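Everything on this sheet refers to the single structure shown next.
Owing to the predicted nature of the structure, the values given are computational and were not obtained by experimental measurement. Chain A is the first sequence line, chain B the second, and so forth, proteins listed ahead of strands; every chain is numbered from 1.
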Amino acid sequence: MPLSKTFDAQEAERRIYAAWEEAGAFAAGANASREESFCIMIPPPNVTGSLHMGHAFNNTLQDVLVRWHRMRGFDTLWQPGQDHAGIATQMVVERELARDGKRRTDFSREDFIDLVWKQKERSGGTIIGQLKRLGASCDWSRNAFTMAGAPGDTRVGHENSPDFHNAVMRVFVDMYRKGFIYRGKRLVNWDPHFETAISDLEVEQVETDGHMWRLRYPLADGQTYEHPVEFDEDGNVTATETRDYLTVATTRPETMLGDTGIAVHPDDRRYAHLVGKEAILPLVGRRLRIVADDYADPEKGTGAVKMTPAHDFNDWAVGQRTGLRAINVMTPRAGMWLRDNPDFAEGCDPDGLARVTEAVDGLDRYEARDWIVRTAEEEGWLDGIDADRHMVPHGDRSKVAIEPYLTDQWFVDAEKIVGPAIDAVRDGRTTILPEADRKVYFHWLENIEPWCISRQLWWGHQIPVWYGPDRDDPAGGPREFCAATEAEAFDLAREYYGPGPEIRFGGEGAESGGLREAEGDGVARFAEVTLARETDVLDTWFSSGLWPIGTLGWPEDTPELRRYFPTDVLITGFDIIFFWVARMMMMQYAVVGERPFDTVYVHALVRDEKGKKMSKSLGNVLDPLELIEEYGADAVRFTLTAMAAMGRDLRLSKERIAGYRNFGTKLWNAARFAEMNGAVGGGADVPAATAAVNRWILGETGRVREKVDAALDAFRFNEAADALYGFVWGKVCDWYVEFSKPLLQGEDEELRAETQAVMAWVIDQCLILLQPIMPFLTEELWGTLGERSKMLVHADWPGYTAAELADEAADREMGWVVSVIEEVRSARAQMHVPAGLYVPMLATEIGETGRAAWGRNEALIKRLARIESLEEVDGFPKGTVTVAVEGASLGLPLAGVIDVAEEKARLEKTLGKLEKEMGGLSGRLSNPKFVESAPEEVVDETRATLALKEDEAQRLRAALERLAEIG
RNA sequence: GGGUGAUUAGCUCAGUGGUAGAGCGCUUCGUUCACAUCGAAGAUGUCGGGAGUUCGAAUCUCUCAUCACCCACCA
C-alpha cells in the first residue's frame, strides 16, 4: 500500500497510539534486552487538572528520554499517576457545591469525601487521555494515585496501583518515631478562606498599596522620655521634647488588640530607662511591657515597635525571647474574636473591654481596622497616616491575605532530615541540571524552616494519630498514639493504659476522654477510654514527597522497588523545586536512606510569544490540545524539544510549530520518494556502498547518530532536535535525494540496487532516530515502508559510530560536488540566467581531485547545476563567468547573458570577503605566539585554510583582469 | 535587602577559547516527475557599554547599564 500524499495526523495519531497500547508497547520491561533499567517518575498532575503547555513540555521531554532508552533496550518504566492535590481538588468540589448553594459543612466528612472521589472519577481520566494525545508512552497499567487505598477509594482509574495511603501512613509513623515529626503550638500561615494552615511555600507576597498608621501608646506610671526634635548638621540632637507616650507604627491596626508589649533596641539611649517599664494599650488599657530586643531598629520610625506575638512572625520571635504573652484575637475566618476570649480579656479594663467587644467582636478584620483607626483619630491617639506600598502575604490558592495565626499544628522538623538531601547533591550522587538550580536548592535547604504539614481540610490523608487522656492525669493530655491503622493504635493504647479499661474510638480532634474509677489502693484507673482521631489531613506535598517509593510499592519489598529504585531521572519545572524535589530528597533519605533519583533535570517556563507567562486571566494561553489538533502531536513535540535549551524560558509561537510541522511533511515526502523508487525496507545492517554519494550519506548518518546520543545523554534536547532537523532536511532531502535520482533512475542495475538499499536504510535511520521526538509520523512510515518484525517504538537503536561509517574520500568528493553546484547556482542567479536553461561549462585548471570527482559525478552536477557539458580549454573566452572552487577553475561562457558590471561586482564582493578572511588568518599565523601556543591541529588547519583561500583569491583576481579587458 | 539568569540578524532564539549560526520574516527567481507545508539565490550582526586575562574572547574575569525571575519578617 503506497504512502498517501500527506500524513493525516489526527487520524493516524489516534490509531497508532491505540496500536501501541494494544501491543503493550509501553509496559515496563517491554523490549528490554539489557540488564540496565531506566525509570522516570512522572510529576503527578492534579487529578482534576487538564493538560497545559507546561505539562506538554515536561512530558515531551520525559517521553523523549523514555522512548530513547526503550529502543536502546533498557528495561524502561515510565511511571504515571495523579496527585490528589488536597486544597486544589477540595476547592473544585466546593465550587461545584456552591453552584447549588451548598457548602462543605452541609455534608458529613464521609459524604463530602465520597463526593470528591466521584469528582475524581469524572475528571480524573481527562488528563490521562490528554497525555495519550501527546504521545506519552507511560506504562498506564501501573497508573498510580497519591490517595490510592484511602477510605472511600473507588479504585477507578488506578485499579492496579499500590496502596499509597498505607505508604503515607507508614512513613508518617516512621518519621514520628524517629522524632522528625511533632505537634506544636506555633504561629503558622493561616488561610482565612479555606480555614486551614498552609506552609511557607504556599504563601506568595503581593505588593499592595496600603497605609502605615502611627499610633500613640501612653506610658504607664507617669514615665516620660525626651524625644529628639531638632538636629544640627552632624545629626546631633539640639532639641528634644518631653513625651509621655510612645509612637508605634503598624500596617494592620486591628492586631493591636493582641498587643502585649513594646520593643526597643537595647542600645537605644532614648528608651533605655523605659525597658522593664510599661505602656498602656489604648482602648482596653492592657499594660504592655517594654522590652529590649535587637529586632527593634532605632532607625525605623520612632525606634519603638509594638509587639503582637500571636499575629506576627517577628513579634512571635521577640515574644519567645522576651517572654511576652501571645493573645489570639481572631477567628479562623479572620474576624475579631473578643467575646468569650479569656486570654484577650485578661488585664483589660472592664469598661474598655466591654466597649471594644461591643464595637468590633465578630467583625471582619478590615472592618475592625476601620473602626479602630476612626476611634484613634477621634480620641487623639492617632499620630498620623502615611501611604505605604508593602508586601502582603497571600494564599497561593485562595488569593486572600493570609493571617499569622497561633494554633496547634503538625510539623516536620526539616532541619533534622535536611542533611543527606544536601550532601547527596553536593557529592554528586544526585545531579541537578542546570547547575544554576543547585544553588537555589542549597540556599533553600540550608535555611530550612519547620514544615507545617497539617491542613484543616477534609480531602487528604488523615493524620494517623489518636488522642487519649493522660494515664495519670485524666484532665491532662492529650496523649498521642501514632499508628498506621486503628488496630495498631488500639494496641498502643492497650499497652499504655494496661489491661483494665475498655478502649473505644470516637470524639473529635484532640478531644478525648475517659472515665476515672477509684480503686481500693487509691490509684486512679480508667474504666473506659475514648480515643479521638486527629481530624487534620496532611499537606498534599507530604504524600507526593513519597512518590518514588510509594508508586513502586513501598513498604513492601517489591521487585519493582528493587529494580527501578533509585530512579534515573526526574524532569520537572523550577517552580516545584522546593515544594516537591527537595521534599522528595529529604523524605526518601529519611525513610529509606537512599536518593530518589540520579539526575534532576529542571526545565524553565513556557511563555507566550511576547515572553509573558501564560495565564488564563491574560488570555494568552496556548492550549496544547488545540495545537495538537491543528498541527499534530509530532509538530508540537518537536517544537518543544527544539526549544528546550537548558535553563531558559521558551517563547512559543504558532509559526514555530508550523515550521516543524513542515519538517514532518518534508520527511514524509522523502519517504514517499524512497518508496516510489523501490527504496524500502532496509535492514538493520549498514548496507555496503561503492558510490561516493552512498558512502557519503552513510558517514553523515553515523555522525548524526553520535550527535543525537551525545546530546540526549547530556540532556541537551534542543541539540538532538537540531542535529536531526539539519540531517534530514539539509543532508538527506536537500542533497542525497537529489544525488540519488540519476542512480535510482539510471541504467546501472548494480548501482541502482546499491542506492536503493542505502536510501532505504538511511530513511529507516531517520525514522529510528526521530522516533523519540516525533513518534507518530515515524511509526506510520515504518509500518508502511516494508515488512517489519516489530514496531518502530521497539526498533533497535543503532550503535554504529561516525568513525565506522565515515569515508574521508567520499566526504571530500561530495564536498567538492556540492561546492561546484552551489557556486554555479550562485553565479547563475547573479547573472540572471534563466533557471531552466542548460549552459556549457569550461575548465582551465582542473586538478586530479576535481577531474576524478567530475568524472564520477558528472550526471549529478549537470543535472543539479543545469550544465550542458564540460570542456577543458586553455583559457576562458571573453564573457566567461568564473566559478572558483577548490582545485579547479571553472567558468560559464555566458557572453550573451552576462552583465559585465554585475559580474564585476560579484567577483569584487567575493574577493573582498576572501581578503578580509585571509587577513585575519595570516595575521594570526604571523604571530609567533599563536604558532607556539595554539594546538598543532589548529595551526595546521589555519594554514591549510589560508592556502585554499589564497588559491581561490588568485583565480578571482585573474577573472577580474579578464573582465577588465572586456570593458 | 539577598540571590540567579539574560542582553547575539527585523522577530524568536542556538552557540562555554580558534574564520559569527538556525527558524520565521524580507528581496529576487522558479509549476524539472518526493515535497508550493516546496526549491534556488540573496540582504541584514562594532555578539548591551567599558576594562581585564589570553597568541586569540560572543565564549573566561571584573565593572556599569537594562530586563526577567527567585528568596526575604521589616514595624
Please name all residues satisfying side-chain hydrogen bond (donor to acceptor under 3.5 Å, both in side chains) with A/Arg906, sequence neighbours left out, ordered by chain then number. A/Glu903

Quick one: does NZ or CZ of A/Arg661 land under 6.0 Å from the six-membered ring centre of A/Tyr631, within 45 degrees of the ring axis? no

Side chain of A/Lys666 - closest among B/C55, B/C70, B/G39: B/G39

What does A/Arg661 touch in the nucleic acid at a heavy-atom separation under 4.0 angstrom: a base, only the sugar-phosphate, or nothing? base

So which of residues 826-833 of chain A are in contact with RNA chain B, with a heavy-atom cut-off of under 4.0 Å? A/Ser826, A/Ala829

Between the protein and nucleotides 3-11 of chain B, list every N/O to N/O distance that falls short of 3.5 Å.
from : atom 1 : to       : atom 2 : distance (Å)
B/A6 : O3'    : A/Arg648 : NH1    : 3.2
B/U7 : OP1    : A/Arg648 : NH1    : 3.4

Would you list the pairs meeting ring pair (Phe, Tyr, Trp, His ring centres under 6.0 Å) in which at least one residue belongs to residues 648-678 of chain A, sequence neighbours left out? A/Phe7-A/Trp668, A/Phe638-A/Tyr660, A/Phe638-A/Phe663, A/Tyr660-A/Tyr725, A/Phe663-A/Tyr725

In this structure, is the centre-to-centre distance between the rings of A/His603 and A/Phe57 below 6.0 Å? yes

Name the pairs: protein N/O against N/O of nucleotides 19-27 of chain B, kept only if under 3.5 Å.
from  : atom 1 : to       : atom 2 : distance (Å)
B/U19 : N3     : A/Lys949 : NZ     : 3.4

Of all residues at least two apart in sequence or in a different chain, which pass the side-chain hydrogen bond (donor to acceptor under 3.5 Å, both in side chains) check with A/Arg369? A/Glu254

Reckon A/Lys741 has a side-chain N or O less than 4.0 Å from the OP1 or OP2 of B/A34? yes

A/Lys707: side-chain hydrogen bond (donor to acceptor under 3.5 Å, both in side chains) partners, not counting sequence neighbours: none

State which of B/U16, B/A34, B/C55 makes the closest approach to the side chain of A/Arg716. B/U16

More than 12 heavy atoms of other groups within 6.0 Å of A/His390 NE2: yes

Base-paired stems that RNA chain B participates in, counting runs of 3 or more Watson-Crick or G-U pairs under 3.5 Å: B:1-7 with B:65-71, B:10-13 with B:21-24, B:26-30 with B:38-42, B:48-52 with B:60-64

Non-neighbouring partners of A/His211 that pass ring pair (Phe, Tyr, Trp, His ring centres under 6.0 Å), sequence neighbours left out: A/Trp213

Which of the following nucleotides, B/A14, B/C55, B/C73, is nearest to the side chain of A/Gln205? B/C73

Quick one: list whatever passes ring pair (Phe, Tyr, Trp, His ring centres under 6.0 Å) with A/Tyr601, sequence neighbours left out. A/Phe715, A/Phe717

Where the side chain of A/Glu822 is defined as all heavy atoms beyond and including C-beta, which of B/A41, B/U12, B/C35 is the nearest nucleotide? B/A41

Does atom NZ (A/Lys731) have a neighbourhood of more than 12 heavy atoms from anything else shown, all under 6.0 Å? no

Which part of the nucleic acid, if any, lies within contact of A/Glu937, taking any heavy atom under 4.0 Å across all strands shown: a base, the sugar-phosphate backbone alone, or nothing? nothing

Just the atom pairs and distances: protein N or O near nucleotides 43-46 of chain B's N or O, under 3.5 Å.
from  : atom 1 : to       : atom 2 : distance (Å)
B/A43 : OP1    : A/Lys909 : NZ     : 2.1

For nucleotides 57-63 of chain B, give me every protein contact, N/O to N/O, under 3.5 Å, one pair per line with atom names.
none

